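Below is one structure, written out as structure tokens; comments come after it.
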Amino acid sequence: MPIEWDAATREIHLHNGRVSHVMRVLDNGWLGNLHFGRPLAPGRSYAHLGPAAFTGFSNRPADPVALEYPVTGSGDYRVPAIVVEQPDGSTLLDLVYVGHRIAAGKPAPDALPSTYVEDPAEADTIEIDLADGPSGLRATLAYTIFRDLPVVARSVRLRNDGTAALRVRTAMSASLDLPDAEWILVQLSGAWARERHVVERRLTPGRASVSSERGASSAQHNPFIVLRRPATTEEAGEACGLGLVYSGDFLAEVEVDSFGTTRARMGIDPTHFAWTLEPGGELVLPEAVLAWSDEGLGALSDAYHLLFRERLARGKWRDTLRPVLVNNWEGTYFDFTADRLVAMAEVAAGLGIELFVLDDGWFGLRDDDDSSLGDWHVDRRKLPGGLEDVGRRIEALGMRFGLWVEPEMVSRRSRLFEAHPDWALGIPGRPRTEQRRQLVLDMSRPEVVDHLHAVLSEVFASAPISYVKWDMNRYMTEAYSTALPADRQGELRHRYILGVYDLHARLTAAFPGILFESCASGGGRFDPGMLAFAPQGWTSDDTDAIERLRIQWGTSYAYPLSSMGAHVSAVPNHQVGRVTPLATRAAVAFFGVFGYELDTTALTEQERREVAAQVAFYKRHRDVLQRGRFVRLRSPFEGDGTETAWMAVSDDRRRAVVGAYRVLDRPYDGPSRLRLRGLDPALAYRVSPWPDGGDAVDRANARVRGGDDLMAAGLTLRVGPFDPVARADYGARIFALEAVEEA
Ligand code: DGJ
């Protein structure tokens with residue numbers, strides 16, 4: 001059994017040979033943490049790793065005792081996991097062990113997305129009850145260890161077993177105490193159009209945090225952090241990941257105390273949070289997914305990729321290869337007619353593209369972003385035959401049809417807002433801040449969710465819709481609900497996210513054939529919570545190939561290739577004005593769910609030939625590029641950032657695709673080689689440069705080579721200082737590798 005309970009020492013050990021999590025019920029009943037990380041042998045006691053003695057106080061353990069769910073107010077001065085206000089105004093808790101249950105499998109928390117198992121043999125779960133006598137608060141901590149992954153998923157259920165209401169002011173999903181502070185905090189931070197850049201800082205005494213108070217996980221920070229050792233690389237060294245399966249306000253915080261220990265905590269951001277638990281009431285907190293690697297950041301990402309792709313994403317599209325799409329947004333913006341769309345689709349179909357996505361502007365009177373959100377009925381001026389007609393005409397071309405919606409919003413100029421001004425978030429008596437002239441619907445109100453469910457169901461059933469892009473284009477301001485009493489406003493943001501999840505759950509259940517892609521002005525809500533409903537997300541509004549190198553590299557720390565929408569767009573690029581070769585744009589977008597975001601009718605004959613070849617290449621290698629193991633080779637965040645390289649390898653290691661990129665050329669540069677990873681050293685691979693230009697670099701590489709040779713010596717990227725073909729900025733090279741029998 002991968003979860004052991006030793007009644008004599010009162011120790012709990014979760015182990016699977018890849019990670020160990022050891023806890024112990026301390027003498028005073030608190031749940032102590034003895035170890036998280038490198039696998040330890042089962043069947044032994046680790047009690048010696050617990051608190052040696054009381055520190056400072058004569059009757060209570062305090063700093064720096066390692067705890068699983070620390071409280072505040074009784075001598076532990078580090079950041080707490082939980083703060084609960086009681087009827088007398090006090091916030092002290094004394095959470096002591098009451099009992100536990102161990103079972104195969106993993107129970108599903110209601111209302112919240114989470115990782116899951118399909119067979120109880122895939123994981124084991126322990127639920128540990130802690131209770132505070134005076135208040136009646138019960139905290140049930142659940143830990144699931146997956147049998148084949150270095151992962152422990154944690155969740156918490158709070159219950160009021162007392163007789164008076166309790167006000168939960170802080171409630172983390174996980175708290176983790178580590179015995180030293182030799183860590184670097186890695187976060188995925190940025191902004192609109194430059195999401196999830198890798199940012200690192202060395203831990204020092206005090207607190208370091210990333211968070212969102214925007215009502216969505218945000219483009220600014222991601223609910224995913226890593227603690228890595230200073231010496232950890234992609235290939236070697238210790239790293240510990242914490243990810244939150246949640247799409248709203250979050251906090252990820254790390255504190256180093258005066259004794260040099262580290263406490264990490266992750267959960268709903270407490271700034272605007274307060275939840276009243278009436279007697280008998282329950283609150284389930286979002287799931288935190290902790291992973292461990294002592295084989296570097298690459299292996300840590302492998303664990304998250306596998307878990308998120310196979311046991312967080314769900315439905316038909318989890319296991320189905322995703323279509324190559326073209327989206328009309330950058331091609332037309334709001335200016336289109338049915339005939340123009342069909343003309344674009346006609347060209348796209350001829351190039352091998354499989355799905356045509358109609359973006360913003362098909363509904364209400366939406367000629368710009370000023371109006372109509374909420375009025376989800378087709379604009380007959382643009383589409384006289386409705387969605388059904390345009391959908392059928394596109395299907396007649398042999399393509400599928402997809403549609404954009406932004407359910408959670410309402411334009412001030414809309415029939416919906418006229419009818420229900422109170423359905424938008426806002427504080428009575430104060431102006432509402434507008435962005436794109438739009439307001440945020442109050443998704444905490446069941447009637448709003450019911451209304452959206454009804455109107456969107458009608459839209460989705462009205463035409464042959466195979467794909468839906470679910471956008472969300474502004475963060476919350478004046479986050480206040482007139483439907484909630486004054487003392488419940490602290491529940492609004494979490495209730496909003498529960499409403500979003502409820503709508504997603506109902507629509508994905510009703511339309512199981514639809515592929516959902518999440519979006520929030522690009523990657524403004526690209527998080528594990530959304531992944532449970534939409535197996536792919538629009539990674540960023542920034543489609544520039546060079547900017548995408550950093551965005552896709554950072555995103556890949558946690559998220560699999562199958563989750564990252566990546567499109568080729570026109571030049572000059574609409575976000576940064578950069579002009580990059582069409583081949584480079586495709587070479588970057590290949591590593592994700594590939595598509596186009598341009599007016600196909602504007603492509604020249606030569607460009608059409610190139611696009612057709614790109615689509616054919618992607619389809620040939622789609623299984624590797626969507627489901628293969630992603631290996632990061634050269635970081636755009638290191639050195640002068642001019643070189644990036646990565647590859648995807650099939651599970652059986654017989655096929656791979658390598659991408660190598662050079663942002664700026666460097667004069668009189670020497671020969672250069674790229675060492676690969678993840679291949680089978682015993683196999684021979686045919687290396688096919690793509691497209692094969694037959695230049696000196698291609699000639700140097702186009703041959704059969706051993707996996708050992710490719711990993712030890714590497715592919716040639718530049719033959720020498722006067723290599724004529726390498727002399728260009730924004731260059732990219734793609735190589736396809738296939739195992740062959742040696743003669
Ligand atoms: C923001 C998205 O990220 C874009 O791709 C596009 O769908 C626009 N919204 C439409 O308003």
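For ligands, and for the atoms within them, numbers begin at 1 and follow the listed sequence. Just so you know, these numbers come straight off a predicted model, no measurement behind them.
Atoms of ligand 1 lying under 4.0 Å from any heavy atom of Asp360, numbered from 1 in the order shown and given with element: 10 (C), 11 (O). Every atom of ligand 1 is numbered from 1 in the order shown, and the set under 4.0 Å from a heavy atom of Gly522 is 3 (O). Near Trp538, meaning under 4.0 Å from any of its heavy atoms, are these atoms of ligand 1: 3 (O), 5 (O). Residue Lys469 has at least one heavy-atom neighbour below 4.0 Å for each of these atoms of ligand 1: 4 (C), 5 (O), 6 (C), 7 (O). Listed by atom number, the atoms of ligand 1 under 4.0 Å from Cys519 heavy atoms are 2 (C), 3 (O).
Inclusion of Asp359 in the set of residues having an N or O under 3.5 Å from an N or O of ligand 1 is warranted. Of the polar atoms of Arg436, at least one N or O is found under 3.5 Å from an N or O of ligand 1, judged by distance alone.
The aromatic rings of Trp423 and His420 lie parallel to each other, with less than 30° between the two planes, well short of the 60° mark. Taking the six-membered ring where tryptophan is involved, the planes of Phe460 and Phe511 are perpendicular, since the angle between them exceeds 60° and thus also 30°. Using bins of under 30°, 30° to 60° and over 60° for the plane-to-plane angle, the ring pair Phe591/Phe630 lands in the tilted bin.
Between Glu195 and Arg548 there is no salt bridge, since no side-chain nitrogen of the basic residue lies less than 4.0 Å from a carboxylate oxygen of the acidic one.
Figure legend: cation-pi geometry between Arg432 and Tyr480 absent, as NZ or CZ is not positioned both under 6.0 Å from the six-membered ring centre and within 45° of its axis.
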- Give the C-alpha distance, both sets of side-chain angles, the deciding distance and a yes or no for ring-ring contact (aromatic ring centres under 6.0 Å, His included) between His504 and Trp470. CA-CA 10 Å; His504 260 294; Trp470 181 312; 3.5 Å; yes
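The nearest heavy-atom contact from the protein to atom 4 (C) of ligand 1 is Asp541 OD1, 3.4 Å. What sits closest to atom 9 (N) of ligand 1 on the protein, heavy atoms only, is Asp471 OD2, 2.7 Å.
Test Asp471, Asn473, Asp541 against Ser521 for side-chain hydrogen bond (donor to acceptor under 3.5 Å, both in side chains) and you get one pass: Asn473.
The closest approach between Glu330 and ligand 1 stays at or above 4.0 Å for every heavy atom of the residue.
When non-hydrogen atoms are compared, ligand 1 lies under 4.0 Å from the backbone of Ser521 (N, CA, C, O) but not from its side chain. Using a 4.0 Å cut-off between heavy atoms, Asn327 makes no contact with ligand 1 at all. Counting heavy atoms under 4.0 Å from ligand 1, residue Met472 does not touch it at all.
In summary, the side chains of Glu406 and Gln438 do present a donor paired with an acceptor at a separation below 3.5 Å, with no hydrogens or angles considered.
Ring pair Tyr559/Tyr557: centre-to-centre distance not below 6.0 Å.
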